Structures are given as C-alpha cells and as structure tokens.
There are 2 protein chains.
Amino acid sequence: MNNKKIPEATISRLFVYLREVTELDKVNIRTISSSDLGERTNLSDAQVRKDLGYFGQFGVSGSGYAVGELKQSLEKILGKDKTWNVAMVGVGHLGSALLTYSGFSRHGLEIVAAFDTDIRKIGKTFENVVIKPIDDLSKIVAGKNISLSILSVPAREAQDVADILIEAGVKCILNFAPVSLNVPEHVKVKDMDLSRELETLAYFVAGKTNGKNK
Amino acid sequence: MNNKKIPEATISRLFVYLREVTELDKVNIRTISSSDLGERTNLSDAQVRKDLGYFGQFGVSGSGYAVGELKQSLEKILGKDKTWNVAMVGVGHLGSALLTYSGFSRHGLEIVAAFDTDIRKIGKTFENVVIKPIDDLSKIVAGKNISLSILSVPAREAQDVADILIEAGVKCILNFAPVSLNVPEHVKVKDMDLSRELETLAYFVAGKTNGKNK
DNA sequence: AGCTGTGAACCGTTTCACAGCC
DNA sequence: GGCTGTGAAACGGTTCACAGCT
C-alpha cells in the first residue's frame with residue numbers, strides 16, 4: 001500500500017483504465033499486462049503500473065493483471081457504486097445539448113435540475129428535467145443534495161451564478177464559460193474553454209501550417 | 001529575449017491574459033501590475049511575469065504593464081491576426097450545439113465544414129454550413145486547407161474518423177469522444193471527456209460529500 | 001522468462017527571492 | 001517604494017531500471 005498524495009492526473013487516468021478493462025472484459029480477455037494496457041491507452045507501461053500501485057498491488061508478477069479483478073477494484077476505488085446528482089445552469093445551445101447527452105448517466109452522473117434566467121425557457125422540459133428559474137436554485141440544490149454542477153451561461157453572468165451555486169453548497173463546477181472564476185478553497189473548478197483549447201492546439205502547429213491572414 | 005522551449009500551459013494562459021487585458025482596455029485602464037493581473041486570473045504574480053518573460057520584456061519596472069501594448073503584443077504572439085478553418089465531424093446533439101456556438105468565430109475559429117454519416121442529416125444547414133457525408137471529407141478538408149477539427153462522433157466510430165481526418169491533413173483534433181485516440185507524432189489531440197472530467201472532480205470531494213449508493 | 005512494484009533519477013513547471021530599474 | 005525580470009530552489013509528476021516474485 002501507499003499513503004502518499006495521489007496526483008489528480010492519476011485519478012483521471014484510472015477512469016481510462018477502467019474503460020479499457022471494461023471493454024476487455026466484454027470480449028472475455030482475462031489477463032492484461034501493463035505494457036498492453038499502456039498501448040491501448042497511449043501511456044507507458046511504467047505509468048500504468050505506478051498509477052495502479054497507488055492503490056495496492058493487484059498485479060501478478062509474470063502474467064499481468066486479472067481483468068475482472070482489476071475492473072472491480074477500479075470501480076470500487078472510483079466510487080462507481082455511487083450516483084451523483086448534477087445541476088445544470090444555463091440551458092442555451094450547449095446546455096441543452098448536454099442535457100440530452102446520454103453519456104453522463106451511463107457514468108453515474110444524473111442531471112436532476114436545470115436552471116436558466118430566460119423566462120421563455122422556464123417550465124420547458126428536457127429529458128424529464130424541468131427548467132427552473134435561478135431564484136429557485138438555492139432551495140433545489142440543497143434539497144436534492146447536489147454537489148456537482150455544469151456551468152454554461154454567458155461569460156458575463158458566470159461569476160454571479162458560480163457564487164449562487166457555491167452558496168447553495170455545490171462543490172464542483174465544470175465551467176464552460178470563458179472566464180476565470182473566483183471560488184473558495186474547498187470548491188473545485190474545471191475549465192472547459194473550448195475556443196482556448198483549440199487555439200492552444202493551433203498555436204503549436206502554426207509554424208508548419210496555414211491560418212489565413214485576416 | 002529567450003529561446004527556451006515554451007510550456008504549453010504558458011501558451012494557454014497567454015489567452016487568458018489577453019482576454020483580461022482586452023476587458024481592461026475596454027474600460028480604459030491603462031496599466032496593470034503582474035499581481036493585479038494574477039489576481040484577476042487566479043494565478044500568482046510570479047507566474048504572470050514568467051509567462052510574459054518568455055516573449056520579451058514589455059513591463060515597466062515600478063509601474064507594471066501598459067495595457068494597450070500588452071494587448072497588441074499578445075495578439076501578435078498568439079496569431080490573432082489569423083483565422084483558422086475548422087472541420088466539425090459528428091453533428092449530433094453536441095456537434096450541432098457547437099456549430100451554432102458563436103464563441104468560436106469570435107476567436108478567429110471558423111467552422112467551414114461539417115460531416116456526418118446519418119443520411120437524414122446530410123444536406124441540412126446549420127449557420128451556413130451544409131452537412132456533408134464523411135466520404136467527402138478528404139476532398140473538402142484538403143480543398144479548404146483545414147488543419148483544425150472537432151470530433152464529436154460516438155466512441156466506436158472515433159478512431160476511424162480520426163484516421164480519415166489525419167489522412168486528409170488535419171493537424172489538431174478536439175476530441176469529445178471518450179476513447180484514447182491513436183495518432184501520429186505530428187498530430188495534436190486534446191481530449192474533452194466531459195464525464196471523465198466531472199467524475200474526476202467528484203472523486204476529490206467524495207470524502208466530504210454525498211454520492212448516493214446505487 | 002516474463003512482468004510487477006517501487007525507489008531513484010530525471011524533467012518540466014511553478015514558486016521564491018532578490019538585484020536592478022523607474 | 002513599487003514593480004519587473006530572472007536565476008536558483010522547490011515541487012510534482014513521469015520515466016528509468018532493477019530487485020523480486022511466479
């Protein structure tokens with residue numbers, strides 16, 4: 001075992017290993033080595049072993065990891081026996097697309113509430129979720145014990161809405177608004193700034209390639 | 001000056017500084033110190049100075065950075081005088097939301113082509129972009145000199161489509177499919193695995209908080 | 001022989017701390 | 001006095017390399 005601090009990147013990769021191992025299990029592959037698993041996930045064998053090593057020793061020297069066991073262990077570690085209630089704030093193009101995205105619930109993430117300021121949207125239903133006004137956010141988030149949220153409101157409203165979410169007890173924000181949110185220590189934010197990510201990628205190939213002068 | 005290798009994280013933050021400086025410029029603030037800029041972006045003053053330092057010395061000791069100049073310098077560094085053609089592949093809920101998202105073009109990213117396999121979608125138009133079959137991808141991507149792409153197809157199709165994109169000359173993929181894509185050295189991929197990001201956030205607050213047992 | 005688990009080395013990035021400039 | 005620019009130190013994470021298990 002090991003009680004050192006576990007890198008966030010390791011946790012994130014654990015979900016990737018679980019995904020892969022689940023596939024292997026489906027096709028009845030019983031055993032996988034760190035190097036094979038690394039190849040399937042574009043990671044090094046050492047990386048795979050080190051990541052798994054944080055949580056104990058479930059490999060077998062000489063043969064690798066038992067797929068079924070590894071799958072179960074990862075599910076346990078990652079809390080796959082739980083479901084999470086998620087609040088969605090901002091039901092524009094992106095927000096409504098995410099509301100109808102089935103990928104979340106497949107991973108134990110249930111969007112159980114959605115909010116918007118636009119009166120024309122309030123009362124509408126997407127995938128069994130009724131859009132409510134932001135004024136109701138506090139009560140609903142507390143009542144449904146929601147600690148995860150997705151923020152897809154326009155940039156200028158993002159900080160205000162984040163404040164309301166945090167005040168209501170939300171602990172995590174997946175932030176699609178292109179702004180730097182100010183949040184207290186105990187709240188985790190992950191920025192999903194699509195334009196910025198794409199521009200950053202572009203920067204590194206810009207030499208060889210072909211943006212056009214305006 | 002400085003010709004050391006520049007971290008990707010630095011480039012990504014440069015876009016954040018530019019965003020902030022653009023706001024400051026709008027409200028006629030003429031000067032900003034590294035610590036003020038750091039506060040606005042939730043970064044340390046040292047981080048701000050080091051990032052900017054990679055590209056020369058545009059600060060003024062004792063008073064800080066001239067907002068207008070810094071804005072221009074950042075625009076130049078980041079190639080904001082260019083526009084980029086982007087191909088969108090997979091026009092489901094998410095893909096069509098992204099097609100109608102105005103944030104991209106505001107940043108010089110023009111979605112100039114969109115593709116899908118679903119015959120019912122082909123020929124439809126979103127924001128002046130006509131959906132074409134994947135079979136036409138190669139020709140169109142080459143013809144329009146497209147080096148950036150957004151991949152929002154189902155997981156099982158993602159690798160095949162990525163191969164086609166790369167074969168056609170695309171250099172960057174913003175990947176919304178929850179799979180580890182195999183790509184050659186010269187192609188850059190940024191994974192946008194929404195469920196994984198949210199689950200990873202959840203993991204770190206799971207102790208204190210309240211996922212429900214299934 | 002094959003493969004894991006893990007200290008140690010390495011590398012990239014961030015933070016510190018201070019000399020130098022305005 | 002205030003703030004930049006930047007080497008040096010610290011940190012965090014990845015890769016190496018090998019002892020030990022099966």
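Chain letters run A, B, ... following the sequence lines, proteins first and then strands; every chain starts at 1. No experiment lies behind these values; they were computed from the predicted model shown.
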Looking at the side chain of [X], which of [options] is the nearest nucleotide?
| X | options | answer |
| --- | --- | --- |
| B/Arg49 | D/dC18, C/dA17, C/dT14 | C/dA17 |
| B/Arg13 | D/dG13, C/dT14, C/dT4 | C/dT14 |
| A/Ser33 | C/dT15, D/dT15, C/dT4 | C/dT4 |
| B/Ser44 | D/dT15, C/dT15, D/dT4 | C/dT15 |

Could you give the [atom1]-to-[atom2] distance, from [X] to [N], as a whole number of Å?
| X | N | atom1 | atom2 | value |
| --- | --- | --- | --- | --- |
| B/Phe58 | D/dT4 | CZ | P | 12 Å |
| B/Glu39 | D/dC3 | CD | C1' | 15 Å |
| A/Leu52 | C/dT6 | CG | P | 12 Å |
| A/Asp51 | D/dG12 | CG | P | 17 Å |
| B/Asp36 | D/dG2 | CG | C1' | 12 Å |
| B/Gln47 | D/dA10 | CD | P | 18 Å |
| A/Ile6 | D/dC11 | CD1 | C1' | 18 Å |
| A/Lys50 | C/dA8 | NZ | P | 11 Å |

Next on the checklist: With a 4.0 Å cutoff (strictly under), does any side-chain N or O of A/Gln57 reach OP1 or OP2 of C/dT6?
Outcome noted: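 Affirmative; the distance criterion is met.
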Checklist entry - If you round to the nearest 0.5 Å, how far is OH of A/Tyr65 from CG of A/Leu24? => result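 It comes to 14.0 Å.
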Next on the checklist: Return the CZ to CG distance between B/Arg13 and B/Asp51, rounded to the nearest 0.5 Å.
Outcome noted: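 The CG atom of B/Asp51 is 4.0 Å from CZ of B/Arg13, to the nearest 0.5 Å.
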Checklist entry - Near DNA chain D, which residues from residues 60-79 of chain B have a heavy atom under 4.0 Å away? => result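 Under 4.0 Å from DNA chain D: B/Val60, B/Ser61, B/Gly62, B/Ser63, B/Gly64, B/Tyr65.
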Item to check | Shortest non-hydrogen contact between B/Val205 and A/Cys172, atoms and distance | outcome: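 Nearest heavy atoms, B/Val205 then A/Cys172: CG2-SG, 3.6 Å.
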Checklist entry - Should B/Arg19 and B/Glu23 count as an ion pair when the cut-off is N to O under 4.0 Å? => result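 Salt bridge absent between B/Arg19 and B/Glu23.
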Checklist entry - Do NZ/NE/NH1/NH2 and the carboxylate oxygens of A/Arg40 and A/Asp36 come within less than 4.0 Å? => result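 A/Asp36 and A/Arg40: not salt-bridged.
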Checklist entry - After noting the C-alpha distance and the side-chain angles of B/Glu8 and B/Lys188, does the key distance pass the salt bridge (Lys or Arg N to Asp or Glu O under 4.0 Å) rule? => result CA-CA 12 Å; B/Glu8 180 153 340; B/Lys188 289 196 73 104; 3.0 Å; yes
Next on the checklist: What contact category does B/Ser35 fall into here, base, sugar-phosphate, or nothing, at under 4.0 angstrom with non-hydrogen atoms?
Outcome noted: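 Nothing, no heavy atom under 4.0 Å.
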Checklist entry - Should we say atom CD of B/Glu75 is surrounded by more than 12 heavy atoms from elsewhere, each under 6.0 Å from it? => result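 Above 12, so yes.
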